[in-house]
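Every number for a ligand or one of its atoms is a count from 1 in the order of the listing. Counting begins at 1 with the first residue of the sequence.
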Amino acid sequence: MNEMITFPKDFLWGAATSAYQIEGAWDEDGKGESIWDRFSHTPGKIMDGSTGDVACDHYHRWEQDLDLMQTLGLQAYRFSISWPRILPDGRGQVNQKGLDFYDRLVDGLLQRHITPFVTLYHWDLPQRLQDEGGWPQRSAAEAFVHYADVVSARLGDRVKHWITHNEPWVAAFLGYGMGVHAPGIQDFQLAVNAAHHLLLSHGWATEVIRSNSPHAQVGITLNLNDVVPASPSALDYAAAREIDGFTNRWFLDPIFGRGYPPDVVAWFQRVHGADLQCVQDGDMDIMAAPIDFLGHNYYTRTVARDAAPENAPRSIDTTDSEFTEMGWEVAPRSLFRMLIRLHYHYQIPHIYITENGAAFPDSISEDGDIRDTRRLAYLQAHLQAAHDAIQCGVPLRGYFVWSLMDNFEWSFGYTKRFGIVYVDFDTQERRLKQSGRWYRQVIAENGFRFRNGS
Ligand code: FCB
């Protein structure tokens with residue numbers, strides 16, 4: 001097969017990053033401490049003992065990074081704002097220097113004709129708010145609205161695409177339930193409360209952003225997973241439905257006005273003894289505030305299997321599957337399935353793939369090149385799936401590769417590289433990988449020539 005795959009004329013090609021993963025400058029220019037500063041400074045929390053103190057030093061190298069984006073021909077750039085850079089205590093006193101940084105960044109993007117997509121919350125809660133209990137408290141949601149107001153008032157004349165939250169499932173359940181992300185708490189009830197307040201704050205913030213930023217497009221980004229049963233057994237189907245409910249429907253349903261799915265409410269109660277006492281009258285309407293787009297972060301699928309001893313066969317055969325360095329199965333058809341489902345089940349006005357990419361071990365050849373063919377193949381296969389979905393009528397408006405550059409991969413530290421640009425963390429040198437050169441060409445041609453197995 002050697003066919004040209006062309007995307008719609010106004011399809012937006014971008015790349016994504018997040019503040020804590022690239023900025024560094026963790027305590028400069030009046031920035032307050034975030035839960036990720038505290039977490040990464042706690043011994044034993046990060047695989048390689050590293051922190052985001054310096055990361056890609058983007059706070060100082062932002063101009064050079066903007067030039068890099070221009071070299072790639074990016075049409076859009078998704079980045080997040082560090083809340084404690086703007087409000088060191090989470091609320092109250094505004095740190096003008098923090099706002100100035102993002103102001104310059106936005107102007108720099110616009111000068112280069114790159115559309116900014118701003119994520120307000122990509123997990124770096126001000127530590128002061130965590131000291132009061134963090135997201136399990138309703139007061140965190142109220143503080144978030146204040147923060148959204150301050151930022152959108154300053155940038156809303158130029159930024160027209162806003163994402164309230166990145167992956168609230170991860171923030172709530174990995175941060176407060178399993179404790180593998182900041183703030184490192186293990187309490188399922190607190191995680192459920194956190195998830196509720198994240199969604200509540202999303203609903204409140206959409207209204208505030210719209211009033212500060214006329215004609216703005218406002219959305220939220222979710223990590224969505226195609227969950228497939230390991231076998232045709234009824235037990236595996238039930239397991240798949242539970243996991244789908246927990247990871248996908250728990251967020252999609254309330255955002256699109258259907259309330260919390262009753263089967264998941266019952267499952268939380270049965271398995272974790274967790275309730276919804278934190279929900280107040282009117283909350284569900286607030287969470288269902290109309291949005292202009294949904295951001296979909298897609299990496300892999302989940303194969304669900306019930307562990308009951310009588311359940312057989314044990315698992316589906318994934319021996320032929322490829323897995324990334326994260327241990328995630330490469331499953332591009334599941335991206336297609338997810339997009340179709342979102343469109344037909346939830347009738348979402350616009351969808352953006354706000355993250356998609358892969359970690360593979362990169363090696364620098366003797367000639368200095370980084371031939372990351374597996375990443376390139378991953379991106380190509382997923383873009384092919386995205387294209388198929390568009391052909392089926394899915395209103396997919398753009399694609400952001402994760403990530404623009406190698407960065408601090410949360411609890412994995414610097415051990416996993418997702419970039420289409422290589423970063424040498426000793427020298428801070430940036431170098432385009434083969435996947436980056438390929439992506440530059442995709443953008444220039446608004447598509448690519450699909451070569452099976454290339
Ligand atoms: C997503 C996060 C992003 C990055 C990728 C690999 O869950 O949003 O920051 O870590 O995974």
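Heavy atoms of M326 stay at 4.0 angstrom or farther from ligand 1.
Ring-plane geometry between Y20 and F408 is classed as perpendicular, the angle between the planes exceeding 60 degrees on a 0 to 90 degree scale with a lower cut at 30. Relative orientation of the H161 and F293 rings is tilted, given thresholds of 30° and 60° on the angle between their planes. Between Y299 and F418, the ring-plane angle classifies as perpendicular under the 30° and 60° cut-offs.
Within the 4.0 Å heavy-atom criterion, neither part of F408 lies near ligand 1.
Checking each of T119, N223, N297 against N166 for a side chain to side chain donor-acceptor pair (under 3.5 Å) leaves exactly one that passes, namely N297. Of the candidates R375, K416, K433, K433 is the only one forming a salt bridge (charged side-chain N to carboxylate O under 4.0 Å, His left out) with D406.
When hydrogens are left out, the protein atom nearest atom 5 (C) of ligand 1 is Y299 OH, 3.2 Å; that is the closest non-hydrogen contact. Of the protein's non-hydrogen atoms, E355 OE1, 3.2 Å is the one closest to atom 1 (C) of ligand 1.
For ligand 1, none of its N or O atoms has an N or O atom of S18 under 3.5 Å away. Checked by distance only, ligand 1 and N166 come closer than 3.5 Å through their nitrogen or oxygen atoms. Considering backbone and side-chain N/O atoms, E409 comes within less than 3.5 Å of an N/O atom of ligand 1. For ligand 1, none of its N or O atoms has an N or O atom of W402 under 3.5 Å away.
Side-chain contact between Q127 and D37 is absent, with no heavy atoms from C-beta onward closer than 4.5 Å.
Against a heavy-atom cut-off of under 4.0 Å, F418 is close to the following atoms of ligand 1: 6 (C).
Q186 approaches M178 most closely through the heavy-atom pair NE2-O, 3.0 Å.
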